[in-house]
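Worksheet: one structure, shown below.
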Number of protein chains: 2
Amino acid sequence: MSVPEPGPAPGARRRRRRATITTVAAAAGVAPSTVSRAFSNPGRVNHVTRAHVLAVAEELGYAPNPAAQALESGRTSTVALVVPDITNPYFSGVVKGAERAAAEARLTLVIGDAQENPVHEERLVRRLGPAVDGFVLTASRMPDDVLERVSELNRIVLVNRASPGLTSVVADFASGTRQIVAHLASHGHRSFVFLGGPAESWSGARRWAGLRAAAEEHGLEATRFGPWTPTIASGPAAADAVLATGATAVVAHNDVLAIGVLQRLAERGVRVPQEVSVVGFDDVFGADFCHPPLTTLAERTTEAGARAVEALAALTRPGALPTGGDAPVRVLPTQLVVRASSGPAPR
Amino acid sequence: MSVPEPGPAPGARRRRRRATITTVAAAAGVAPSTVSRAFSNPGRVNHVTRAHVLAVAEELGYAPNPAAQALESGRTSTVALVVPDITNPYFSGVVKGAERAAAEARLTLVIGDAQENPVHEERLVRRLGPAVDGFVLTASRMPDDVLERVSELNRIVLVNRASPGLTSVVADFASGTRQIVAHLASHGHRSFVFLGGPAESWSGARRWAGLRAAAEEHGLEATRFGPWTPTIASGPAAADAVLATGATAVVAHNDVLAIGVLQRLAERGVRVPQEVSVVGFDDVFGADFCHPPLTTLAERTTEAGARAVEALAALTRPGALPTGGDAPVRVLPTQLVVRASSGPAPR
DNA sequence: ATGAAAGCGCTAACAT
DNA sequence: ATGTTAGCGCTTTCAT
């Protein structure tokens, strides 16, 4: 029997020690501070020295250690994006936009999943807080007072959520819901059912408030059901509740729920839109190829993610000039995408 | 004209200075090291002192600064997950699984988007390298030699990619492709077209190799087209190419491409599956409600993400015991989900 | 333009 | 069980 090789574990192969600023300085024959400047203060070093330092650094595979940079400067060049559920396709757009804006501002983006849970969300912020320059909280479920407490320690920008004193980027739900109701009214619907999402959802509340107001304007009757977890799996229960009322139109909290409803309606032999019209929110991946394709309110999610990161980057910059007035709320337009899931009310 | 208030910018409200270990130590009347131990070495401090320290820390809103922790210990308790495209729903499962496993191992997860670009991917690893304990690279597009170089400095675990000496978690494409071909053969198809994804895609290569081998076994003829970017937008071009050949069956690189193909076929009045059968890979969100619902090879993506993070966590632990032999490749089963997009070959 | 030196918040010997 | 001390890698005055 042979003695096992005392080599490193598989996959745990011997790793080269990471080059530090000191290594590079020694190799380049300069002081550590010069190497530092060559990287983070290019103006204040002779550009031939700088070129030399950079070449040596490249050769040694040196990359600045963010932890050490952060320690001294206090800035981490990292921002965190927190979403309620990363598997919800709605957030893909936000993530993409945030990623692009972060790259442009030379920031590293960290993504956290709050798991639809305010407690988890707060823990996440607390945990990540010291490691990042700020947070973009998407559809935050934390109550206003918690947000306020949290914002004492952290820079915060909200997406699809507003809270006193905090910068936010929100979709224009007032206009959006008016578009939805006008669309239904023009097709002769006299009433509709709203399938509500989570009770703590700020945008859910805005959606319902907008729908109610618009319904009143158009003389429609609006009823709210729910709350439901906005997943496809909630579709059957929601759809069945609607069918029991004989409603001619349904507006769902979001597309995922709406798609679940469509599936259930098909299962029960209810024709859409002949018997029931269905409208969603978000225009997620899949809304255009589900059956029938879904009429939905499109938001500029990519832009929202990008704007939020830009706003955060602005807050991070040393000068963050007082512009006076309240914390800015940026409202992004929404647009109703009419597809085959909605049509004339049955006679 | 009144002079503008010199107050802080909106949203940039005065922020409390973060409590440090020294602040807490002073307030609790102990040494900084005791505070440190109270948090990260509970066993070695009197539990009443510990309780007191923790209470004071809580009151001051103290949270350990990860940057400082990382600096001394070298470990960051953070792992990075890199995906080619965060908006691709395929990766949602991987992300979710990775997130769960990271939480269980008390690791913070950072998500990076390689933007389908090997160069960007390498830059990302370089940039994030010093800030994390290791990487899970999903469907990495980096060539083997680059991976080897990169792994000298970083702990790496691969998902749906294998490379000499590296730990990886892959789907069982050999079995999966056999299932697909057997399904088509049993429906009387004599040949099929494979719509290839990106040329650098390792799993794409595995898929094609598996399909070819299985086709040979079953006496089917297999042709490869492409490469195509695996997006819905590539669907029309891919579908048109297929139609020109008169093929009776199409296997697409992944579901997103397959859905694009389905849309185009519908547009051109080609009936699925009566005239053409369509099969995808991945079973992503949407595969069950597109029209017609897509036959596809399901992978255990959530499990893959979780296993990869667990493997990485194991590599990170001090002991990382040599188990001998090659770096482990973990193969996860795949399963063909038969839906309405595939059926008997036309006569 | 560059170097020397102090210190960011924390951990890890080493003392007590 | 707790305190003291010396850095981790980097940035930042302050000299030169």
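Below, each value reflects all heavy atoms present in this structure, side chains not excepted, and no hydrogens, waters or symmetry copies. Throughout, protein chains are lettered first and strands after them, A, B, ... in sequence-line order, and every chain is numbered starting at 1.
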#### Entry: Nearest-nucleotide comparison on DNA chain D, the residue closer to the 5′ end among Ala68(B) and Gly29(B)
Gly29(B)
### Query
Which part of the nucleic acid, if any, lies within contact of Val30(B), taking any heavy atom under 4.0 Å across all strands shown: a base, the sugar-phosphate backbone alone, or nothing?
sugar-phosphate
### Message
If we ignore hydrogens and angles and just use 3.5 Å, is the side chain of Arg37(B) paired with the main-chain N or O of Pro42(B) as donor and acceptor?
### Response
no
### Task
Report the residue (Ala31(B) or Glu72(B)) whose heavy-atom-nearest nucleotide on DNA chain D is the more 5′ of the two.
Ala31(B)
### Query
Within this structure, what is the CZ-to-P distance between Phe39(B) and dA12(C), rounded to whole angstrom?
15 Å
#### Entry: Arg37(A) (side chain) and dG3(C) (base): donor-acceptor pair under 3.5 Å
yes
### Message
By the 4.0 Å heavy-atom rule, please label Pro64(B) as base, sugar-phosphate, or nothing.
### Response
sugar-phosphate
### Side-chain H-bond candidate by donor/acceptor type, Arg75(A) with Thr316(A), under 3.5 Å
no
### Task
Round to the nearest Å and state the distance from Ile21(B) atom CD1 to dA12(C) atom C1'.
12 Å
### Task
Using atom CD of Gln69(B) as one end and atom P of dT11(C) as the other, report the distance to the nearest whole Å.
4 Å
### N/O (side chain, Thr49(A)) to phosphate O (OP1/OP2, dT2(C)) under 4.0 Å
yes
### Separation of atom CG in Leu71(A) from atom C1' in dG7(C), rounded to whole Å
9 Å
### Task
Determine, for Arg161(A) against Asp144(A), whether the closest basic-nitrogen to carboxylate-oxygen distance falls under 4.0 angstrom.
yes
### Message
Within the 4.0 Å heavy-atom criterion, would you say Thr20(B) contacts the bases, only the backbone, or no part of the nucleic acid?
### Response
sugar-phosphate
### Task
For Tyr62(A), report the nucleic acid contact type (base, sugar-phosphate, nothing); a contact means any heavy atom under 4.0 Å.
sugar-phosphate
### Task
Whole angstrom is fine here: how far is it from CZ in Arg75(B) over to P in dG9(C)?
21 Å
### Task
Please report the closest heavy-atom contact between Pro32(B) and Ile21(B), naming both atoms and the distance.
O-CD1, 3.7 Å
### Task
Walk along DNA chain D from 5' to 3' and tell me the first and last nucleotide with an atom closer than 4.0 Å to a non-hydrogen atom of chain B.
dA1(D) to dG9(D)
### Task
Please determine if Glu310(A) and Arg307(A) form a salt bridge, counting it only when a charged side-chain N lies under 4.0 Å from a carboxylate O.
yes
### Message
At 4.0 Å (heavy atoms only), tell me whether Thr34(B) reaches a base, stays on the sugar-phosphate, or touches nothing.
### Response
sugar-phosphate
### Residues Ser33(A) and Ser36(A): side-chain donor-acceptor under 3.5 angstrom
no
### Query
Does Ser36(B) have a side-chain nitrogen or oxygen under 4.0 Å from the phosphate oxygens OP1 or OP2 of dT11(C)?
yes
### Message
Within the 3.5 Å criterion, strictly below it, is a donor on Glu121(B) or Ser140(B) matched to an acceptor on the partner's side chain?
### Response
yes
